[in-house]
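Only one structure is covered here, and it is reproduced in the block below.
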Amino acid sequence: MFIFVVMKYSFMQELIVKIKEQEKIANQLEVNLSDRKQLLDKVSAFANQFIEELPNSTSFTATTKASDKLAIKTPISIEALIKLYQSEVIDTGIKAASGGHVGYIPGGGIYTAALGDFLAAISNEYAGVFYASPGAVTIENEVINWLKDVFSFPKTAVGNLASGGSISNLIALAAARDKHQIKNEKITKSVVYLSAQVHHCIQKALKIIGLEDVIIRYIDLDENHKINTAILEQLIKTDKSNGLRPFLVIASAGTTDTGAIDPLAEIGNIAHQHNLWFHVDAAYGGFFVMTSKKHLFEGMETADSLVVDPHKGMFLPYGLGAVLVKDKEALLHSNLYTANYMQDAMGDELTNSPANVSPELTKHFRGLRLWLPLQLHGVKPFIACLEEKLLLTTYFREQLVEQGFEVGPEPDLSVSYFWYPAKENANEFNKKLMEHIHQDGSVFLSSTVVNEKFVIRMAILSFRTKFATIDKALAMIKRSLEKTKQELGK
Ligand SMILES: Cc1ncc(COP(=O)(O)O)c(C=O)c1O
């Protein structure tokens with residue numbers, strides 16, 4: 001017995017020594033107050049310098065090879081890490097925080113949203129279930145309530161803050177699938193109607209949610225790249241009379257390629273008359289509903305589900321998309337599942353907890369990055385910034401015409417395109433022009449193909465794109481045009 005007690009004692013002593021040893025090393029993770037201040041000062045100084053230098057920096061540096069300098073070899077000082085971040089991350093590819101990002105759909109990156117992320121990470125609130133952090137989840141839900149107001153959705157609608165437009169669309173389409181119980185042998189007889197201009201995350205979402213084998217009808221577009229509603233209705237009628245199961249119509253409120261807003265009111269009417277789920281992807285264009293273009297969005301409020309991306313139209317850093325769904329039961333059907341270890345968290349109103357209406361359980365506390373800027377700035381500067389983008393788009397197009405370019409149809413919002421009307425091989429000419437623009441890099445534009453024509457796209461949505469940025473872009477385009485002409489001898 002005595003021996004046993006001594007053995008137990010020495011085992012415990014050894015155990016305590018081991019714990020203390022590990023604790024000493026592990027404690028490095030709890031940075032002390034003076035080191036915290038130093039680290040934050042350095043990161044904050046770097047952030048300030050980065051923002052101050054943005055207007056004069058290039059917006060694109062073509063980089064094809066992954067840097068081997070970014071491999072993990074610890075430990076490195078914060079000064080060395082910041083240098084590495086500058087040279088291997090910031091100075092490569094597209095500078096997404098720059099106002100000179102006028103390609104694809106530009107990003108934002110307002111400072112106050114970054115502060116929201118900082119606070120969310122420091123306090124590490126658990127925003128998945130109400131029981132765990134009623135405050136954080138209430139902030140998530142207040143942001144959703146604000147979105148319901150902006151988009152004239154009923155108070156009874158349910159929503160979720162996801163990582164972006166792709167996951168938000170996926171959540172909405174899964175709800176549509178479950179409302180119409182599209183499963184098993186029904187899949188191959190079910191029909192989805194959309195335009196070839198929908199963002200490709202829609203087709204991707206259909207695959208992920210098990211609907212790869214549904215019938216997809218690509219509806220013809222009019223000359224402004226919008227869904228032709230007469231054709232849509234005819235297709236639905238024909239499909240029904242052929243014994244198929246039309247169940248979903250997808251419209252865009254601002255397509256990625258050309259910024260077109262489909263005729264939402266008409267599409268909504270047709271969808272509901274025929275008992276189809278009406279989904280609107282407004283990831284890019286949605287927030288323009290708060291501007292003088294509000295009339296173009298008429299009918300968006302009739303959607304069964306709606307996706308908007310605050311990391312586009314509210315100028316936030318990447319990482320926040322939102323979905324609103326009117327049919328709470330459908331959304332719960334797709335996402336609600338529980339387990340024994342979740343029993344303490346049950347009992348709250350189900351849709352209060354983000355985890356019950358999205359595929360995520362543990363999630364980034366994303367609500368704060370929108371809630372905090374909205375509370376600090378109010379909504380007015382956001383609306384002014386959107387109006388400014390619309391005006392800059394008009395200015396850009398007018399000036400391009402002056403320079404001898406042709407421009408696409410009057411855009412609904414802030415995405416448009418142009419091309420140089422070279423007499424021969426216009427596509428080859430404009431491709432070369434695009435290459436020169438990318439080599440120059442002072443402003444970043446992207447390209448697309450419209451009716452088999454290679455065109456250069458401009459998408460003005462960054463909050464940092466200003467009058468001076470457009471003039472810089474125009475000067476760059478002029479330089480690049482001269483180079484292209486010289487090179488191709490035109
Ligand atoms: C209209 C539209 N829908 C969906 C998406 C996908 O959004 P995300 O990139 O946030 O996943 C985009 C992205 O540009 C878009 O423009």
Side-chain angles (χ1 to χ4, degrees), residues 162 165-222 225-257 260-285 299-300 302-308 321 323-327 329-331 333-335 359:
S166 301
I167 302 302
S168 303
N169 274 306
L170 182 121
I171 293 172
L173 300 191
R177 174 199 64 191
D178 294 341
K179 171 76 180 174
H180 286 264
Q181 298 175 0
I182 311 298
K183 49 186 173 179
N184 304 330
E185 71 288 346
K186 283 187 201 160
I187 293 176
T188 53
K189 289 205 172 311
S190 299
V191 195
V192 181
Y193 302 83
L194 41 83
S195 112
Q197 294 274 319
V198 290
H199 191 269
H200 70 279
C201 72
I202 295 283
Q203 288 94 336
K204 201 167 141 177
L206 289 171
K207 273 175 87 170
I208 297 171
I209 63 172
L211 297 187
E212 186 174 3
D213 294 329
V214 290
I215 301 164
I216 296 183
R217 299 266 185 248
Y218 287 98
I219 312 143
D220 287 353
L221 305 178
D222 65 17
H225 317 292
K226 297 170 188 240
I227 284 177
N228 181 323
T229 47
I231 294 180
L232 167 67
E233 184 155 36
Q234 193 49 52
L235 279 172
I236 295 173
K237 283 182 179 160
T238 310
D239 284 339
K240 274 186 163 176
S241 63
N242 287 336
L244 298 175
R245 302 172 55 97
F247 81 100
L248 171 62
V249 183
I250 300 169
S252 306
T255 57
T256 316
D257 230 7
I261 303 178
D262 287 321
L264 303 174
E266 281 179 62
I267 298 175
N269 269 339
I270 295 169
H272 291 136
Q273 261 169 32
H274 293 275
N275 192 29
L276 272 67
W277 182 287
F278 175 38
H279 174 66
V280 176
D281 178 4
Y284 151 61
M300 186 160 70
T302 68
D304 294 290
S305 52
L306 173 72
V307 164
V308 290
V323 57
L324 299 178
V325 177
K326 286 185 184 155
D327 192 315
E329 296 309 322
L331 195 61
H333 185 102
S334 314
N335 298 289

Next item on the list: Not counting sequence neighbours, which residues clear side chain to side chain contact (heavy atoms under 4.5 Å, CB included) with Asp178? List them please.
Entry: His333, Ser334
Notebook entry, point to check: Is a side-chain N or O of His199 found less than 3.5 angstrom from the main chain of Cys201, in a donor-acceptor match?
Noted result: yes
Under 3.5 Å donor-acceptor pairs involving side-chain atoms of residues 262-276, not counting sequence neighbours:
residue: Asp262; atom: OD1; partner: Ile227; partner atom: N; Å: 2.9
residue: Asp262; atom: OD2; partner: Ser252; partner atom: N; Å: 2.8
residue: Glu266; atom: OE1; partner: Thr229; partner atom: OG1; Å: 2.6
residue: His272; atom: ND1; partner: Gly268; partner atom: O; Å: 3.2
residue: His272; atom: NE2; partner: Asp304; partner atom: OD2; Å: 2.9
residue: His274; atom: ND1; partner: Lys240; partner atom: NZ; Å: 3.4
residue: His274; atom: NE2; partner: Glu233; partner atom: OE2; Å: 3.2

Margin query: By the definition side chain to side chain contact (heavy atoms under 4.5 Å, CB included), identify the one residue from Ile231, Leu248, Asp239, Ile250 that meets it with Tyr193.
Written below: Asp239
Note to self: What I'd like to find out is whether the side chain of Asp257 reaches to under 4.5 Å of the side chain of His225, using heavy atoms alone.
What the structure shows: no
Next item on the list: Look up atom CG in Leu173 and atom OG in Ser168, then write down how far apart they are to the nearest 0.5 Å.
Entry: 10.5 Å
Note to self: Please find the pair of heavy atoms, one from Val280 and one from Ala303, that lie closest to each other, and give the distance.
What the structure shows: CG2-CB, 3.7 Å
Item checked: Test item: Lys186 side-chain N/O and Gln181 main-chain N/O as donor-acceptor pair under 3.5 Å -> yes
Next item on the list: Please round to the nearest 0.5 Å and tell me the distance separating atom CD1 of Ile208 and atom CG of Leu170.
Entry: 5.5 Å
Check: Shortest non-hydrogen contact from Ile167 to Ala162?
Finding: CG2-CB, 4.0 Å
Check: Distance from Ile209 atom CD1 to Arg177 atom CZ, nearest 0.5 Å?
Finding: 5.0 Å
Next item on the list: Please name all residues satisfying side-chain hydrogen bond (donor to acceptor under 3.5 Å, both in side chains) with Arg245, sequence neighbours left out, ordered by chain then number.
Entry: none
Note to self: Could you check whether any side-chain N or O of Asn242 sits under 3.5 Å from a backbone N or O of Leu244, counting only pairs where one atom can act as donor and the other as acceptor?
What the structure shows: no
Note to self: Could you tell me if the side chain of Lys326 sits less than 4.5 Å from the side chain of Leu306, heavy atoms only?
What the structure shows: no
Item checked: Any side-chain heavy-atom pair of Leu194 and Tyr218 under 4.5 Å -> yes
Next item on the list: Indicate the atoms forming the closest heavy-atom contact of Gly299 with Phe278, along with that distance.
Entry: O-CE2, 3.9 Å
Next item on the list: Can you measure from NZ (Lys189) to CG (Asp213) and round to the nearest 0.5 angstrom?
Entry: 13.0 Å
Next item on the list: Report the C-alpha separation of Glu212 and Ile187 in whole Å, then their side-chain angles, then the decisive distance to 0.1 Å, and conclude whether the side-chain contact (heavy atoms from CB on, under 4.5 Å) test is met.
Entry: CA-CA 9 Å; Glu212 186 174 3; Ile187 293 176; over 6 Å; no
Margin query: Any non-hydrogen side-chain atom of Val325 less than 4.5 Å from a side-chain atom of Ser305?
Written below: yes
Margin query: I need the Ile182 CD1 to Trp277 CH2 distance, nearest 0.5 Å.
Written below: 11.5 Å
Next item on the list: Write down the atom of Tyr284, the atom of Gly254, and the distance for their closest heavy-atom approach.
Entry: CD2-O, 3.5 Å
Check: Can you tell me how far CD1 of Ile236 sits from CG of Leu232, rounded to the nearest 0.5 angstrom?
Finding: 4.0 Å
Check: Does the side chain of Asn169 come within less than 4.5 Å of His279's, by heavy atoms?
Finding: yes
Margin query: Do Lys226 and Thr255 make a side-chain contact, defined as non-hydrogen atoms from C-beta onward lying under 4.5 Å apart?
Written below: no
Checklist line | Shortest non-hydrogen contact from Ile171 toward Asn335 | finding: CG2-ND2, 4.4 Å
